[in-house]
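Heads up, the thing below is written out as structure tokens.
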Amino acid sequence: MSTPRQAALRAVATAQHRLNHIDFKNGRLKDMFAENVFSEAVQRERLPKPVFKALQKTIRQGAPLDPAIADAVATAMKDWAIEKGATHFTHLFYPMTGLTAEKHDSFLQPTDGGGAILEFSGKELVRGEPDASSFPSGGIRATFEARGYTAWDPTSPAFIMQGPNGATLVIPTAFLSWTGEALDKKTPLLRSMEALSKQALRILRLFGNHEAKKVFTTVGPEQEYFLIDKNFYYARPDLIATGRTLFGAPPPKGQEMEDQYFGSIPERVLAYMADVESQLFQLGVPVKTRHNEVAPSQYEIAPMFEDSNLGTDHQMLTMEILKRTAPKYGLICLLHEKPFAGINGSGKHNNWSMSTDTGENLLEPGDTPHDNAQFLVFCVAVIRAVCKYSRLLRVAVASAANDHRLGANEAPPAIISVFLGDQLEDVINQLAEQGSAKSSKQGGFMEIGVNVLPKLPKHAGDRNRTSPFAFTGNKFEFRAVGSSFSIAGANTVLNTIVAESLDYIATQLEKAKAAGKDLNSAIQELLPGIIRESRKILFLGDNYSAEWHAEAERRGLPNLRTTADALPVILEPESIELFTRYKVYSERELQSRFTILCEGYIKTLSIEGRCASMLARTMILPAALRYQGQVAQSIHALQSAGAKVPASQLELLNKLTATIEAFQTANDKLDAALNYHVEGDPVSHMKHARDHVLAAMNELRKHGDALELLVADDLWPLPTYREMLFIK
């Protein structure tokens, strides 16, 4: 009798895949880029000049959108889309599921006489009306209250999504309740960007910069993911239901040989990557890097920097296309933070900076950062923000999935700290201790010792891959974001806390200037105190070490180890005051986020628990009992024949029997935890899920993985780690 695992192995062994889907020989890469985007160049060509100028003013400077231009934009957009083969349009939005959502409507409009025309009005462009009660609202909308609105976001260009039969015009939008609250991730992000821009411009004005009209936050999120053969995936009910393996013994070889990272990319994977990139290029997503990651069958794709709103939209597109394209190559893309226990999980390094609309990176230190007062002001503002609101940053990366990864010696711990590097930390220390900075460490050149190789310029500081929030030259890298996350949440928090910090500094400097003080003198008086208050967040060493955890506790840094510990921070008075002051979230919107995130955590662990229990009862236990029967029958046959039964065989049977009993007991305990009715608030429910359901799953897994190493290989029903991770 064939097991699902054996069937999957046969399918993998006999499969043939067409790898040459994309023709790069006859298509020029630069012509491909953004060819399916209603870009500025397309707008300039197709829109009346006054309409184009008005739209660009909204996009570039944040000016209010003139409703009068909507019909002209809609007509031009429709004509362009139809030429690209589009038959439908959709408003794309980002509900609190963390995924994308879309409802397609045809351009076709029947006419009298049985004919039809193709229409798309300004009204249809500007506003859509999906069912708001069918998405998570955290109590903002009742089940019977259905009305919600999608609102066109002109700062993120429309694009064409090609399908096997026709194409769709996709219009990025915000998603709002009929009562006006944000039900999505885009709206708070846009609000936070405006808040930061307003405060950053106050700083720039103090430095005499009156040219900049807007400050953008920019992001370049690196995306890690796993690829496994789809036959293995379909034979693993836990991967299908939860995105991670709930059982799986460690393979004989994992990642300890360090031979995967930056290694040669397998042919099938490389073909898949090229296909993904070609689609992203056409959609204007500036992906730059692809490579093998640390864990076996783990990879990474990374884009160049973009405006945070556009970069967030592009990141959601990247995840969608990664998942959608994989089956063409007989693969499945796994975006879960920890699909395989015992090896590195996947994150999404959120590279973040601030830039003006004139192109100036405000976190660019230059060659002598000690002389760059403007840079130091913005950098110290970020340090202060992270120190003061580190718990909110932890909330921004909280989920049941990411809890498996954070602090697991593969990712930053749940303790938030800032790495500045030797050069910048030295400058900051000079400011704190002397009131001013006189010098900056220089990198010089690296002596390689081989004459034919050039001398390499050496950075003035090393990098720290264990830091959750690291300065990396002209940006900060927030490394704790989970691989399945929308980056909107993390950037909304980051933008808001930095806005508050810039507000504080700008207010102090404006007061000093009004009192007749010189700006540089005011800066030298203000920054040392801020640094001394915030320097406890600075750490250059190994964030994975036990010594750092003890040191962080001594410094008073919070360590919110799990999502259940972190989420209550959302409703603390300080959090509510912060987000409402800068109009990023209303108090009602914050309450809804808390409710949605709590429910998500509880439901995730409940689904995982039910799936683990099902696998235990219907797949693992039957295989173990069959093998137990075979061993017992073998021993009985020896005894019946009068032969001596080796002690090792009796020991095997006893060990097998004891493990099966422990496995069944653990499964009963898991079922009891799942069926227990919890009284109290959402935090009580989360703590029960963490302390009882998750704990019972971990205990069940321990015995299930022990059985995998005991049961005969031909009886084991689930594809194993050694197969899923190493057969490519």
Side-chain angles (χ1 to χ4, degrees), residues 1-19 225-254 266-269 271-272 295-299 322-336 338-343 607-608 610-631 633 656 659-660 663 667 697 700-701 703-728:
M1 184 171 58
S2 176
T3 65
R5 171 171 161 251
Q6 290 166 339
L9 283 168
R10 283 195 297 271
V12 172
T14 58
Q16 295 183 348
H17 306 284
R18 181 187 162 217
L19 303 183
Y225 60 96
F226 281 83
L227 292 173
I228 65 168
D229 192 281
K230 68 179 182 181
N231 292 290
F232 292 141
Y233 175 81
Y234 293 134
R236 294 281 318 208
D238 48 358
L239 280 176
I240 295 172
T242 73
R244 75 180 182 102
T245 53
L246 302 176
F247 296 96
K253 176 193 173 188
E267 186 179 56
R268 180 160 53 140
V269 174
Y272 160 77
S297 290
Q298 187 186 33
Y299 308 94
L322 282 169
K323 291 187 292 184
R324 179 183 300 181
T325 306
K328 288 167 58 176
Y329 298 87
L331 299 166
I332 294 293
C333 176
L334 302 177
L335 295 178
H336 193 284
K338 195 73 170 179
F340 302 101
I343 65 171
I607 291 168
E608 289 183 350
R610 293 198 300 269
C611 185
S613 179
M614 179 198 72
L615 285 176
R617 287 194 312 272
T618 64
M619 297 185 79
I620 296 176
L621 184 59
L625 291 174
R626 287 191 191 104
Y627 184 56
Q628 182 188 43
Q630 290 180 4
V631 174
Q633 187 175 10
L656 188 59
T659 306
I660 291 172
F663 185 66
N667 200 25
M697 275 198 292
L700 180 65
R701 177 173 190 150
H703 300 301
D705 292 354
L707 286 173
E708 182 182 331
L709 300 178
L710 286 172
V711 171
D713 186 73
D714 64 311
L715 295 177
W716 193 253
L718 297 170
T720 64
Y721 276 26
R722 70 178 185 271
E723 293 155 353
M724 291 186 288
L725 293 172
F726 292 98
I727 298 177
K728 303 182 181 181

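Because the structure is predicted, anything quoted here is derived from the model rather than measured. Hydrogens, waters and symmetry mates play no part in the numbers below; they use all other heavy atoms, side chains included.
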Partner residues of Glu723 under the salt bridge (charged side-chain N to carboxylate O under 4.0 Å, His left out) criterion, sequence neighbours left out:
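Counting only residues at least two positions away or on another chain, Glu723 forms a salt bridge (charged side-chain N to carboxylate O under 4.0 Å, His left out) with Arg5.
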
Less than 4.5 Å apart, side chain to side chain, heavy atoms only: is that true for [X] and [Y]?
X: Tyr272; Y: Leu19; answer: no
X: Phe340; Y: Met724; answer: yes
X: Ile607; Y: Thr242; answer: yes
X: Pro250; Y: Ile343; answer: no
X: Val269; Y: Lys728; answer: no
X: Trp716; Y: Ile620; answer: yes
X: Leu227; Y: Ser297; answer: no
X: Tyr627; Y: Leu707; answer: no

Nearest 0.5 angstrom please: [X] [atom1] to [Y] [atom2], how far?
X: Ile332; Y: Leu322; atom1: CD1; atom2: CG; result: 12.5 Å
X: Asp714; Y: Gln6; atom1: CG; atom2: CD; result: 6.5 Å
X: Thr720; Y: Glu708; atom1: OG1; atom2: CD; result: 6.0 Å
X: Arg701; Y: Glu608; atom1: CZ; atom2: CD; result: 10.5 Å
X: Asp705; Y: Leu246; atom1: CG; atom2: CG; result: 10.5 Å
X: Leu615; Y: Leu718; atom1: CG; atom2: CG; result: 6.0 Å

Over all heavy atoms of both residues, which pair between [X] and [Y] is shortest? Give the atoms and the distance, please.
X: Gly243; Y: Pro339; result: O-CB, 3.8 Å
X: Met619; Y: Pro717; result: O-CG, 3.5 Å
X: Gly248; Y: Tyr721; result: CA-CE1, 3.7 Å
X: Thr659; Y: Ala706; result: CG2-CB, 4.1 Å
X: Ala235; Y: Ala8; result: CB-CB, 4.0 Å
X: Phe247; Y: Ala612; result: CE1-O, 3.7 Å

Under the side chain to side chain contact (heavy atoms under 4.5 Å, CB included) rule, what do Leu715 and Gln630 come out as? Steps first, then yes or no, please.
CA-CA 11 Å; Leu715 295 177; Gln630 290 180 4; 3.8 Å; yes

If you measure only the distance, is there a donor-acceptor pair under 3.5 Å linking the side chains of Asp238 and Thr245?
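Short answer, no.
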
For Tyr225 and Tyr299, take the angle between the two ring planes, folded into 0 to 90°, and tell me which bin it lands in: parallel under 30, tilted 30 to 60, perpendicular over 60.
tilted

Donor-acceptor contact present, side-chain Arg722 to main-chain Pro252, <3.5 Å:
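Answer holds: no.
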
When you look at Ile228 and Leu239, which way does the side chain to side chain contact (heavy atoms under 4.5 Å, CB included) test go after all the steps?
CA-CA 11 Å; Ile228 65 168; Leu239 280 176; 3.6 Å; yes

Of all residues at least two apart in sequence or in a different chain, which pass the side-chain hydrogen bond (donor to acceptor under 3.5 Å, both in side chains) check with Asn231?
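Asn231: side-chain hydrogen bond (donor to acceptor under 3.5 Å, both in side chains) contacts with Asp229.
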
